[in-house]
Peer 1: 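Pasting in a structure now, in structure tokens, and then I'll have a few things to ask.
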Amino acid sequence: MKKYIFISLYLLFSLNISISYSQDLLKDDGIADNFHKKHLGKIVFSKKTIPLKGGKESQLTNKFNVNTDNICFRAFYKQSFHNMTIAGAKKNQAKYLNKKLPKAPSGKMQITFEVEELKKTFNLVLGDKKRELFQNATSFSTTEPLHDAYAEELDEKLSLFFYNKVVSALEAGEYKVKMTINFYVIAAGKYKPKTPVAVGEFTLISSDEEEANSDGTFNAQAISDDIHKKYNGKIVFSKNLVPQNDRNENELSKKFILDKDDIYFMAFLKNSMHNRAIKDGQKWIVEKLPELPEGEIRINFKLTDKNGKSTSAYHSIPILEDDAMLFQKTTAFSLDKALYVANEVNYYNEVDKDNYKTTFYGTIKEFFIKHIIPNLKEGNNKIKISVSFVLNNKDSNKEYKSKTPLATDEFIIVKKSSPIIDNGLTCDLHKKNKGKIVFSKNPIPETDGKVNQLSKKFTLGTDNIYCRIFLERSHHNQCIKDGKSWIKDKLPETPKSATRYIYFEVNGKIVGKKDMNKYRKMEVYKDDFQKTTNISFKHSLTKGFGIRQSSGLLNKGEIFLSYVVPNLKQGNNKVKMFVNFSVKNPSTNKEYTASKPVASGEFNYYVDDLSKIKTTISKPLEKYYKRSLISKQNNEALIKEIKSQYKGSKKLYKIVISDSDWRIIRNRKNNIVSRYMFIDLIFINTNNKLEIDGYFGNRTQVSQTYMGGGKYGKSKFYLAKKRKGHTFELPAIIFK
């Protein structure tokens, strides 16, 4: 009996350990297939890309010629680096590592190459950006070959490292290259597996640069696959990178949607450019060997829009020593890899289109963006591309042009008015309330607001009212959705006169909408117009108001207190808030306003006693309007003088200082000449309401001449010229 109890306890204890241990492990990619299983702990090599799944023994090889063969690899291991660390690390290290989840801890993958006495190690940082590589991956390869025999430039850091540190260091001969992959992490002390996680070996044949044949030709790049053979002399296009090997015809395309599809291309030449010139009888090139002739490769574009209008341009690539491979041997190339990348911000408005033939812009992608994209019209645009070249014979002072293009074809770009990437739905609260305005008695956080924070019931004089506006899309993208395609053409600048409006409805009555100055009117700048979808205000809507001297526009507190509060009735009041915007088309000078508000929300505002309205909002006003100039006598004198000049029907009620201090005027020698300040005039208009006619219309300036010794003369004033603006009516109920 005791024996069985002991066994049961042992099994239970083992089970607990197993459960605890499994919690430390992450679910990694596991062993992909039998090919993976067969090569656990190994690095395998091929002249073609080795897929993550479905690798075949027949495509593997261990012998490569540095001048003609690509070297591709894939490493296979049993577990992810994270799980290897958990399994092999000490207890305190494993504990430290788990604290770092979901981020990867600091550490590096080490890829080492050993060739005879040469040993070079490449370190790939394992940080948060490489989290999946550390936590999940059980296989590793680079997107580009370890060595690309026909690369014009090396994009991958590992490829660049291998070429510079290994290939370039070898003399002509045959070498055994051992490649190992290992890693270490800093987890309560450095942890590193005792043996490499993957090892592989291959033979590398290195030779001097190939000599030309007796007839002056070079052994050009061979036709590499069926796609190359089928499309020889043509250019193919795709929405994805066209690989050097294992190309798939199903991925080729001849139709692309602008700003949605990437555009990649590859040109298949029937022969190298050098050999084409020899074939055309340009024997003088042979005499220039091993030097390259002067000249340029041209990528020619002919754009035809849906109306049949054509535009032609070409991109020049000087034939330089660095491009010897491209000119002498290459028969399949894609130059800058992509003609156009949809998710990049392309500033193609600042183009000098007239100088495209004489200006070299570096990459074909830059050229395409600057000289083809701006000329696209709405709808289908047919683009024909061809490859040719021009050489200069210095001896005869003659120019040779390839008689016919080396490769040519065409594709279609469909230009639609498409949205740009805005800030989207920024949080869960945003997702649940898109196109709405939500309210709370406390500030609502931008990204982690909670539903239980929100409120739809408020009491006058007791509660603050905060709001957050959740748009479905940015104002720019709203224009696109509404069919205003001209917005797209104005990027990267915001169209002129982009304005956001906020207004209210009280018990079914819109307040302030007809008079634009009576509700919030804001100029919307570039980032705000194009990206903003989540809007808030610093203060409560019920915050007491003061005049915004910086812009002359009313803030939300002024709107609410001036137009919502005076229209409230005793008891419950239904208040709605709306947000909309307008934008002017610079081409037609017509203003577009969204057909309906882009966001709205409502709440109940309870008033238990209408008399509280005065006491609630008059205090900040009294504090502001009780200020007067210098002294009561001066104030009365100014009112008297202004009355003598004022010809209107309004009754002057008060003068208020609008500047916080005097403004000093100095001459060229920096001596003080005078000082002045602006004042606001408050009138009682014909509707028996107070009206400020200062910052929003006339400006009255009070000036004093400097007398010396820190003293100033008597105050003088004058009315500035009438400026375009609006007056601001203060509801009479506030001043009962």
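Reckoned from all heavy atoms, side chains included, excluding hydrogens, waters and symmetry mates.
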Peer 1: If you look at every heavy atom in Lys434 and Leu425, which pair is closest and at what distance?
Peer 2: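 Result for this residue pair: CB-CD2, 4.1 Å.
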Peer 1: Going by the side chain to side chain donor-acceptor pair (under 3.5 Å) test, which pairs reach into residues 447-460, not counting sequence neighbours?
Peer 2: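 Sorted result for residues 447-460: empty, none.
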Peer 1: Roughly how far, to the nearest 0.5 Å, is the CG atom of Asp305 from the NZ atom of Lys382?
Peer 2: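 Answer for the NZ-CG pair, Lys382 versus Asp305, is 11.0 Å.
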Peer 1: Which heavy-atom pair separates Thr705 from Ser674 by the least distance, and what is that distance?
Peer 2: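 Closest approach of Thr705 to Ser674, heavy atoms only: CA-CB, 4.0 Å.
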Peer 1: Taking the side chain as every heavy atom from C-beta outward, state whether Ile672 and Tyr712 have any atom pair closer than 4.5 Å.
Peer 2: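 Ile672 reaches Tyr712 side chain to side chain.
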Peer 1: Using a cut-off of 6.0 Å, state whether more than 12 heavy atoms not belonging to Gln570 lie near its atom CD.
Peer 2: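 More than 12 within 6.0 Å, yes.
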Peer 1: If you round to the nearest 0.5 Å, how far is CD1 of Ile465 from CE of Met577?
Peer 2: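 Met577 atom CE to Ile465 atom CD1 measures 10.0 Å (nearest 0.5 Å).
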Peer 1: Looking at Asn507 and Asn567, what are the two nearest heavy atoms and their distance?
Peer 2: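 Closest approach of Asn507 to Asn567, heavy atoms only: ND2-O, 4.1 Å.
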Peer 1: I want to check something: taking the side chain as every heavy atom from C-beta on, are Asn477 and Ile420 in contact at a cut-off of under 4.5 Å?
Peer 2: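 Yes, close enough: below the 4.5 Å cut-off.
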Peer 1: With no hydrogens and no angle check, is any side-chain donor or acceptor of Asp422 less than 3.5 Å from a backbone partner on Ser474?
Peer 2: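 Judged by distance alone, yes, a pair lies under 3.5 Å.
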Peer 1: Please report the interatomic distance CD1(Ile469) to CG(Asn433), rounded to the nearest 0.5 Å.
Peer 2: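 CG of Asn433 is found 12.5 Å from CD1 of Ile469.
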Peer 1: Is there side-chain contact between Glu505 and Ile510, with at least one heavy-atom pair below 4.5 Å?
Peer 2: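 They are in side-chain contact.
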Peer 1: Quick one: do Leu429 and Val451 satisfy side-chain contact (heavy atoms from CB on, under 4.5 Å)? Show the steps, please.
Peer 2: CA-CA 7 Å; Leu429 193 63; Val451 173; 3.9 Å; yes
Peer 1: Please give me the minimum heavy-atom distance between Phe529 and Val524, naming the atom from each residue.
Peer 2: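 Shortest heavy-atom contact: N-CG1, 3.5 Å.
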Peer 1: Would you say Arg675 and Tyr706 make side-chain contact, with heavy atoms under 4.5 Å?
Peer 2: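 Contact flag for Arg675/Tyr706 side chains = no.
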Peer 1: Val583 vs Lys484, test: side-chain contact (heavy atoms from CB on, under 4.5 Å). Steps then yes/no.
Peer 2: CA-CA 10 Å; Val583 61; Lys484 304 303 172 183; over 6 Å; no
Peer 1: Between Asn534 and Thr426, does any side-chain donor sit less than 3.5 Å from a side-chain acceptor?
Peer 2: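 The answer is yes; a qualifying pair exists.
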Peer 1: Could you grab the distance from atom CD of Gln478 to atom NZ of Lys596, nearest 0.5 Å is fine?
Peer 2: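 Reported value, rounded in 0.5 Å steps: 8.5 Å.
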Peer 1: Taking all non-hydrogen atoms of both residues into account, name the closest pair between Cys427 and Glu446 and its distance.
Peer 2: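 Shortest heavy-atom separation between Cys427 and Glu446 comes out as SG-O, 3.8 Å.
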Peer 1: side-chain contact (heavy atoms from CB on, under 4.5 Å), that's the test. Do Ile535 and Ile437 meet it? Break it down for me.
Peer 2: CA-CA 9 Å; Ile535 306 166; Ile437 305 172; over 6 Å; no
Peer 1: Can a donor-acceptor pair be found, under 3.5 Å and without considering hydrogens, that links the side chain of Asn381 to the backbone of Gly379?
Peer 2: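 It does hold such a pair.
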Peer 1: Of Tyr501, Tyr592, Phe581, Tyr525, which meets ring-ring contact (aromatic ring centres under 6.0 Å, His included) against His475?
Peer 2: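 Checked Tyr501, Tyr592, Phe581, Tyr525 against His475; only one passes ring-ring contact (aromatic ring centres under 6.0 Å, His included): Phe581.
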Peer 1: Could you go step by step and tell me if Val341 and Lys365 meet the side-chain contact (heavy atoms from CB on, under 4.5 Å) rule?
Peer 2: CA-CA 8 Å; Val341 180; Lys365 181 171 66 176; 4.2 Å; yes
Peer 1: Any idea which heavy atoms bring Ser582 and Thr593 closest together, and the distance?
Peer 2: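 Ser582 and Thr593 have their closest heavy atoms at CB-OG1, 3.3 Å.
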Peer 1: Within the 4.5 Å heavy-atom criterion, are Phe470 and Lys436 side-chain neighbours or not?
Peer 2: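 Phe470 does not reach Lys436 side chain to side chain.
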Peer 1: Nearest 0.5 Å, what's the CG-OH distance between Leu258 and Tyr340?
Peer 2: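 The distance works out to 4.5 Å.
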Peer 1: Are Val414 and Lys255 close enough that some pair of their side-chain heavy atoms sits under 4.5 Å apart?
Peer 2: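 Side-chain contact under 4.5 Å: yes.
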Peer 1: Could you give the distance from CD (Glu591) to CG (Asn585), rounded to the nearest 0.5 Å?
Peer 2: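 Those atoms lie 11.0 Å apart.
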Peer 1: Which of these, Tyr466, Tyr605, Phe603, sits in a ring-ring contact (aromatic ring centres under 6.0 Å, His included) with Phe439?
Peer 2: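 Looking at Tyr466, Tyr605, Phe603, the match for Phe439 under the ring-ring contact (aromatic ring centres under 6.0 Å, His included) is Phe603.
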